[in-house]
Each structure stands twice: as C-alpha cells, then as structure tokens.
Amino acid sequence: MSVIIGGGKGFIGQRLAQLLREKGFQNIWIVSRKSDGKGNTLTWDDIRSGNIVQTVKPIKAIVNLAGAPLISFQRWTDAYKNEVVQSRIGTTKTFVDFVQDLKEDKPEVYVSMSGVGYYKPDPVKEYTESSEGGDFDFISRLARDWEQASEPIETKSNVRRVILRSGAVLGSTGGMIQSMYWPFFFSVGGPIGNGQQPFPWIHVDDVCLLIIHAIQNSHVHGVLNACTPELINNKEFSQTFARAFSPPRLAIFPIPAFLMNTLLGPERGLVVTSGQKVVPKATLQSGYTFKYPTIKAASEDLTKLFK
C-alpha cells in the first residue's frame, strides 16, 4: 500500500521516507511543486487533477509536511506571510478534495503537522493536547486554521486523522541544528536572550517515528503534542548541546533578544525569545516511546558530524 508525503523533499520528509522503507513500506510517493522525474514523485497539480489515483492506490496513509519555513531570515512581508499560510492551508485543502473525490479506496489515515505555537507563550503554565489555544497571535491562529482545514477528511470522508503539534525539530541535516552547528563547534554559540524561555523540542527521528506510529496503530487519533516529555529551557538546551561535542564546547555567547526580534520581526521573534511548556500527554498515552527522550541523548547524536 502507498504512503503519500506532501512536502516530502524537506529534511523531515526525507528522513520519514527513509524510516518508512526501513519499516517495510516500499511504495512511497513524494509530492512537491515540481517533479524531478526521479522515482515516485508527484506534483500538487497531479493531486489536484486526480489522474494519479490508479497509480497510487491502494493508499495506506497521506502525510502532509508541506509548509514554507516559518523561522527563517526571509523578510516577513505580507507576500511571504501569505506563502506561509497557503503552503500549509492550501495544500491541506488540496488533500481534502483529493480524499473526498476518491469515493472508494480512501486512505486509512491522514497525518498532518501543526505547531506548539498553537499555545500562548508562558514561562510557567504547562500545556497538554486538550489545552486551549489558537487565538493569541498570527502564528497561533495559523496553527488553528491549519488544523481546522483538514477536519473534512475526518467528518465528511470518515478517515482517521492525526495532528502533530510539533516543537522545534532537531536534526543534523536541516532546521536549526544545521545553522547552529558550526558556531557551537567553535564555542561561539549560546542561548537566545537570557535563555530562561521554555524550549519544546523533538528529534527528527522521533517526529518521523511518531508519524509511523500513527500510521500503524488504528487507535491513534486526534491531536498529539510532538515534543519530548523533558521540560527544558533554551539555556539548558544550549549548554547541553555544547557539552555533547568532543571535547566539550562552551555556550557563553548569548544572542540578544532584540537582535532576533529585529531579524525575524516581532511576530516570529516571539517564537524564539519566549516559549511554552508543552507536555505530550496524549502522545505517551497512545503508547509511543521516545527514541531520544532527553536533550542529552539527542545532543550526543546531533553533534556527530559523521554517522
């Protein structure tokens, strides 16, 4: 059976495809803007047209990882904000229409990403999957709208739906680790601001294995917080990551909060200068066991330049 991955060319999607193959899934289709003509690749136009149904069915799962980078140094213009929205909600609606048009042979499960930005930043309050959110700022409303956009897959098409509200995804081949590896390697890295802000995170392997857990287990449904049960702050993350190098490095050069707000803009700057204490209550209750439950274990893996 097929697994279709929207946005599968990103660093999460590439690792997910690799782990799916290791688990025995061989018929994996990657959806992106343009087809590279290699292997099982599709475009969003292919999904919209529906002409590929006979090629990809039967479908085990659809996983949507698509989304323009939220935390990047791309200028935070109205045009880019619209791209951030449409790359998430637009692609979700494309999958909604695709599933509704299938009539028969619908996928067993639809899995989508969301973010812990759904919850209002708070240095004390702990959030579980049932906590309120989605009404604080642009990013929280984006998470809310992104999650709501896929509701018809469950309510109208009767397909099991799983939403992963992800913390910062840590992987050596992309995301924030790729940009901070060398500064920390040369001991010129450090926390953001005073480093006391909560830092919800997850290793890229765990976010991928959690997706596979959702695909393989029919009892898994609804919202799962995709972040580890270990609650740490940004300073603890920075110091642990630096110490994981051999020999251990220092993390004594903080990045001023005002600089991040200037570079990212106040809406995105809030994501890195503040944070949420997010507890994966439903995730653990679903039976998932984290491969990297602590930042120490994750950092020991992430600081290996050659694996």
Spacing of [X] atom [atom1] and [Y] atom [atom2] [to the nearest 0.5 Å]:
X      : Y      : atom1 : atom2 : result
Lys106 : Ile62  : NZ    : CD1   : 9.5 Å
Ile5   : Ile211 : CD1   : CD1   : 8.0 Å
Ile139 : Leu70  : CD1   : CG    : 4.5 Å

Are Arg268 and Ser72 close enough, and set up right, to give a side chain to side chain contact (heavy atoms under 4.5 Å, CB included), and what steps lead you there?
-> CA-CA 9 Å; Arg268 291 186 297 176; Ser72 72; 3.8 Å; yes
Closer than 3.5 angstrom, by distance alone: can the side chain of [X] be matched with the main-chain N or O of [Y] as a donor-acceptor pair?
X      : Y      : answer
Arg160 : Ala214 : yes
His203 : Gly171 : no
Asn233 : Lys235 : yes

Looking at side-chain heavy atoms only, is the closest gap between [X] and [Y] below 4.5 Å?
X      : Y      : result
Ile12  : Cys208 : yes
Glu129 : Thr283 : yes
Pro121 : Leu270 : yes
Val84  : Asn82  : no
Ile30  : Asn40  : no
Pro69  : Tyr80  : yes

Taking the six-membered ring where the residue is Trp, are the ring centres of Phe245 and Phe184 under 6.0 Å apart?
->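 Here the rings of Phe184 and Phe245 have centres that are no less than 6.0 Å from each other.
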Does NZ or CZ of Lys277 lie under 6.0 Å from the centre of the six-membered ring of Tyr127, at an angle within 45° of the ring axis?
->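 No, cation not above the ring by the 6.0 Å, 45° rule.
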Pi-cation contact, Tyr118 with Arg165 (under 6.0 Å, within 45°) =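 Output yes; distance and angle both within limits.
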So, Glu83 and Arg33, do they make that salt bridge, N to O below 4.0 Å?
->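 Salt bridge flag = yes for Arg33 with Glu83.
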Shortest non-hydrogen contact from Asp122 to Val124?
->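 Heavy atoms only, the tightest pair is OD1-N, 2.8 Å.
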Mind checking whether Trp44 and Phe95 have parallel, tilted or perpendicular rings, split at 30° and 60°?
->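 Aromatic pair Trp44/Phe95 classed perpendicular.
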Check the angle between the aromatic planes of Tyr181 and Phe185 and answer parallel, tilted or perpendicular using the 30° and 60° thresholds.
->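 Parallel, since the angle between the ring planes stays under 30°.
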Working for side chain to side chain donor-acceptor pair (under 3.5 Å), residues Gln18 and Arg21 | CA-CA 5 Å; Gln18 181 181 2; Arg21 292 187 182 96; over 6 Å; no
For a side chain to side chain contact (heavy atoms under 4.5 Å, CB included) with Met113, tell me which candidate from Ile163, Leu164, Val63 qualifies.
->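 Of the listed residues Ile163, Leu164, Val63, the side chain to side chain contact (heavy atoms under 4.5 Å, CB included) partner of Met113 is Leu164.
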